[in-house]
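See structure below.
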Amino acid sequence: MIFMDVFCSICENKDFRRVYAKGRSFVSPCLVTYVLKNRSGDLRMGITTSKKIGNAVKRSRSRRVIREAFRMLAKEVRPGYDLIFVARGKTPTVKSTDVCRAMSRQLRDAGILR
RNA sequence: CGAGCAGGCUGGACAGCUGCGGGCAAAGCCCGAAAGGGCCUGCCUGAGGAAAGUCCGAGCUCCACAGGGCGAGAAUAACGGCUAACGGCCGCCGGGGGUGACCCCAGGGAAAGUGCAACAGAGAGAUACCGCCGGGUGCAAACCCGGUAAGGAUGGAAAGGCGAGGUAAGAGCUCACCAGCGCGCAGGAGACUGCGCGGCUCUGCAAACCCUAUUCGGAGCAACACCGCAGAGGGACAAGAUGUGUCGGCCCGGCACGUCCCGAGAAGGUGGCAUCGAGCCGCGAUGGCAACAUCCGGCCAAGAUAGAUGGUUGUCCACGACAGAACUCGGCUUAUAGGUCUGGUCGCAAA
RNA sequence: GGCCCGGUCGUCAAGCGGUUAAGACACCGCCCUUUCACGGCGGGUUCACGAGUUCGAAUCUCGUCCGGGUCA
């Protein structure tokens with residue numbers, strides 16, 4: 001089961017498959033990030049919380065934490081990329097500042113931070 | 001004080017900053033020919049007791065507002081009531097458990113029929129292995145014939161239980177009590193209970209098939225309705241009777257549609273849908289043991305469409321369990337840290 | 001969101017309520033062989049979990065937990 005969230009544009013399932021197949025990935029215990037340059041020039045973002053995370057409460061919690069972390073970093077990110085954040089098992093038990101730290105490190109490794 | 005029982009309520013709080021969904025308002029700005037859309041600002045509002053499982057019952061929508069016959073299937077099961085309805089709830093009867101408060105029960109029918117009861121055991125509605133008693137043969141051990149089912153052994157279950165009389169030994173063979181069956185009387189709305197009499201009886205399993213009584217049309221908001229976009233090419237059959245679809249199976253009957261095959265393309269949006277209702281609240285009043293009903297007063301409370309309640313800081317405490325609406329209600333079941341209130345019970349101590 | 005199926009050793013699976021739950025492949029131990037393979041012998045199953053019906057449940061009934069399928 002896949003959930004998506006919109007920041008600047010929508011993500012559909014074909015976009016998810018494209019980013020998974022062609023994008024670069026960065027891994028940490030509470031977050032996995034996929035990055036792929038797109039043609040539209042917009043910044044697009046999607047979140048995946050699989051059923052492995054837990055029940056509906058834990059999946060919602062993971063989505064909120066990731067969305068808040070991205071909201072704090074969004075102005076630092078250069079546009080023109082599709083980003084997908086995948087929640088992991090520790091995500092629902094962790095603070096959004098921790099997710100934010102992991103996310104900024106991964107985006108810096110990807111080289112798309114201003 | 002300790003232990004335990006039943007029922008109800010609650011399900012972290014406050015403040016600052018910063019974010020999200022919905023609604024309303026009006027000033028400004030942007031896009032547009034207009035209708036309108038977007039941004040910004042302010043105000044209001046924003047998950048649960050189980051939102052869960054999808055186990056029942058309904059509303060709503062479409063198929064014919066649900067038709068006749070046959071067949072099949074499913075569900076329920078003491079009795080009386082409540083409810084829109086229910087497999088739910090309340091009361092009560094019967095049975096079981098607990099010292100008790102109280103709890104549990106799919107609780108119709110086994111003399112309508114069929115079937116099963118492995119192993120053990122002589123025998124599982126049919127009998128005699130060891131016994132007991134009488135008679136016969138035999139020196140004896142033992143054997144044969146007959147009676148009997150009290151005792152032993154096996155089993156979950158052994159032909160009503162137990163005691164007395166009776167007898168060759170025994171047996172409801174006779175009697176008292178208890179259990180079961182039938183009849184009568186009394187009480188009760190009824191299930192049933194109590195009393196009396198009679199004959200002397202019959203295992204268990206129907207969550208085995210089945211029988212009896214009652215109920216049940218199907219599908220489900222991904223139902224369905226409307227709008228828009230795209231595509232509509234080729235072939236065969238038929239020209240009032242067939243075919244197809246639908247009424248979960250068949251027949252009758254009804255309704256709708258020309259039908260079928262091959263091929264190509266497709267994109268979604270709006271309503272349904274958000275409270276005006278079998279609605280919620282009240283230590284309200286009346287009736288009722290209660291479930292509940294009637295009346296009175298007050299209230300209008302999420303509505304997304306990849307899916308909204310978050311983050312962070314500080315203070316406090318019991319350090320926060322189970323867990324997130326997706327068409328809507330009434331129940332049931334399952335998960336659940338604690339806190340709190342009310343009413344009974346048992347034990348100990350005191351008065 | 002709705003509606004349907006299923007759960008038996010590691011895997012594939014049989015199993016009319018009644019013995020110690022058949023088999024096959026795999027695994028482990030022993031024997032055979034100089035060694036391996038083949039062959040022979042032996043071993044291992046809370047019948048997903050919890051209740052109930054029954055004398056007795058893998059089987060029948062109910063409830064949980066998993067795993068599938070299907071509907072735009």
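The sequence lines fix the lettering, A, B, ..., with proteins before strands; numbering per chain opens at 1. The shown structure was predicted, so the numbers you read here are calculated from the model rather than taken from an experiment.
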### Integer angstrom distance from the C1' of rG107(B) to that of rU53(C)
14 Å

### Message
Using the side chain to side chain contact (heavy atoms under 4.5 Å, CB included) definition, which of the options Thr91(A), Val86(A), Val99(A), Thr93(A) pairs with Ser62(A)?
### Response
Thr91(A)

### Rounded C1' spacing from rG170(B) to rA128(B) in Å
15 Å

#### Entry: Distance test, side-chain N/O of Lys95(A) to OP1/OP2 of rU313(B), below 4.0 Å
yes

### Message
Are Leu31(A) and Ile66(A) packed together at the side-chain level, in the sense that at least one heavy-atom pair is separated by less than 4.5 angstrom?
### Response
yes

### Query
According to a strict under-4.0 Å criterion, is Asn55(A) in side-chain N/O contact with OP1 or OP2 of rA52(B)?
no

### Task
Provide the Watson-Crick or G-U wobble partner of rC20(B), both distances under 3.5 Å; none if there is no partner.
rG46(B)

### Query
Name the stems that RNA chain C belongs to, where each is three or more consecutive Watson-Crick or G-U pairs with both distances under 3.5 Å?
C:1-7 with C:65-71, C:10-12 with C:23-25, C:27-31 with C:39-43, C:48-52 with C:60-64

### Query
Side chains of Thr48(A) and Tyr20(A): donor-acceptor distance under 3.5 Å anywhere?
yes

### Query
Checking side-chain contact (heavy atoms from CB on, under 4.5 Å) for the pair Phe26(A)/Val32(A): CA distance, chi angles, key distance, verdict?
CA-CA 6 Å; Phe26(A) 303 91; Val32(A) 180; over 6 Å; no

### Task
Could you classify rG330(B) for me, syn or anti, using a glycosidic angle within 90° of 0 as syn?
anti

## Note on the structure
Taking a pair to mean Watson-Crick or G-U wobble geometry with both distances below 3.5 Å, rC210(B) pairs with rG109(B)

### Query
Under the salt bridge (Lys or Arg N to Asp or Glu O under 4.0 Å) rule, what pairs show up with a residue in residues 100-110 of chain A, not counting sequence neighbours?
Asp98(A)-Arg101(A)

### Query
If the P atom of rA326(B) is compared with that of rU305(B), how far apart are they to the nearest Å?
16 Å

### Query
Syn or anti for rG161(B), with syn set at within 90° of 0?
anti

### C1' spacing across the pair rC89(B) / rC289(B), given as an integer number of angstrom
15 Å

### Message
Can you measure Met45(A) atom CE to rG19(B) atom C1' for me and round it to whole angstrom units?
### Response
13 Å

### Task
Using the C1' atom as the reference point in each nucleotide, state the distance between rC247(B) and rA222(B) in Å, no decimals.
25 Å

### Query
Taking side chain as C-beta onward, heavy atoms only, is Glu68(A) less than 4.5 Å from Ser96(A)?
yes

### Query
In the structure shown, which nucleotide is the Watson-Crick or G-U wobble counterpart of rC299(B), with both distances under 3.5 Å?
rG279(B)

### Query
Do Glu68(A) and rG310(B) have a side chain to base donor-acceptor pair shorter than 3.5 Å?
yes

### Query
Side chain of Arg64(A), base of rG324(B): donor and acceptor closer than 3.5 Å?
yes

### Message
With a 3.5 Å limit on both atom pairs, tell me what rG59(B) is paired to, counting Watson-Crick and G-U wobble, or say none.
### Response
rC327(B)

### Counterpart base for rC255(B), defined by Watson-Crick or G-U wobble contacts under 3.5 Å
rG245(B)

## Note on the structure
Paired to rG187(B) by Watson-Crick or G-U wobble criteria (both distances under 3.5 Å) is rC192(B)

### Query
What distance, rounded to whole Å, do you find between the two C1' atoms, one in rU215(B) and one in rA3(B)?
49 Å

### Summary
Expected label for rG240(B) (glycosidic angle, syn inside 90° of 0, else anti) would be syn

### Query
Applying a 3.5 Å limit to both distances, which nucleotide forms a Watson-Crick or G-U wobble pair with rA15(B)?
rU313(B)

### Shortest non-hydrogen contact from Cys100(A) toward Leu73(A)
O-CD1, 3.8 Å

### Message
By the rule that syn is within 90° of 0, classify the base conformation of rA47(B) as syn or anti.
### Response
syn

### Query
So, the side chain of Arg88(A) versus the backbone of Ser28(A): is there a donor-acceptor pair under 3.5 Å, distance only?
yes

### Query
Mind checking the P distance from rC20(B) to rC292(B)? Whole angstroms is fine.
46 Å

### Rounded distance in Å - CZ (Arg63(A)) to C1' (rG324(B))
10 Å

### Task
In whole angstrom, give me the gap between the C1' atoms of rA278(B) and rA84(B).
5 Å

### Task
Output yes when a side-chain donor or acceptor of Arg63(A) lies under 3.5 Å from a complementary backbone atom of Thr49(A), and no otherwise.
no

### Summary
Any strand, both distances under 3.5 Å, Watson-Crick or G-U wobble: rG198(B) pairs with rC181(B)

### Query
In whole angstrom, what separates Asp98(A)'s CG from rU312(B)'s P?
8 Å

### Closest listed nucleotide, where the reference is the side chain of Arg71(A) and the choices are rG310(B), rA308(B), rU313(B)
rG310(B)

### Task
Answer syn or anti for rG344(B), where the cut-off is 90° from 0 on the glycosidic torsion.
syn

## Note on the structure
Rounded to whole Å, the CZ-C1' distance (Arg59(A) to rA325(B)) equals 14 Å

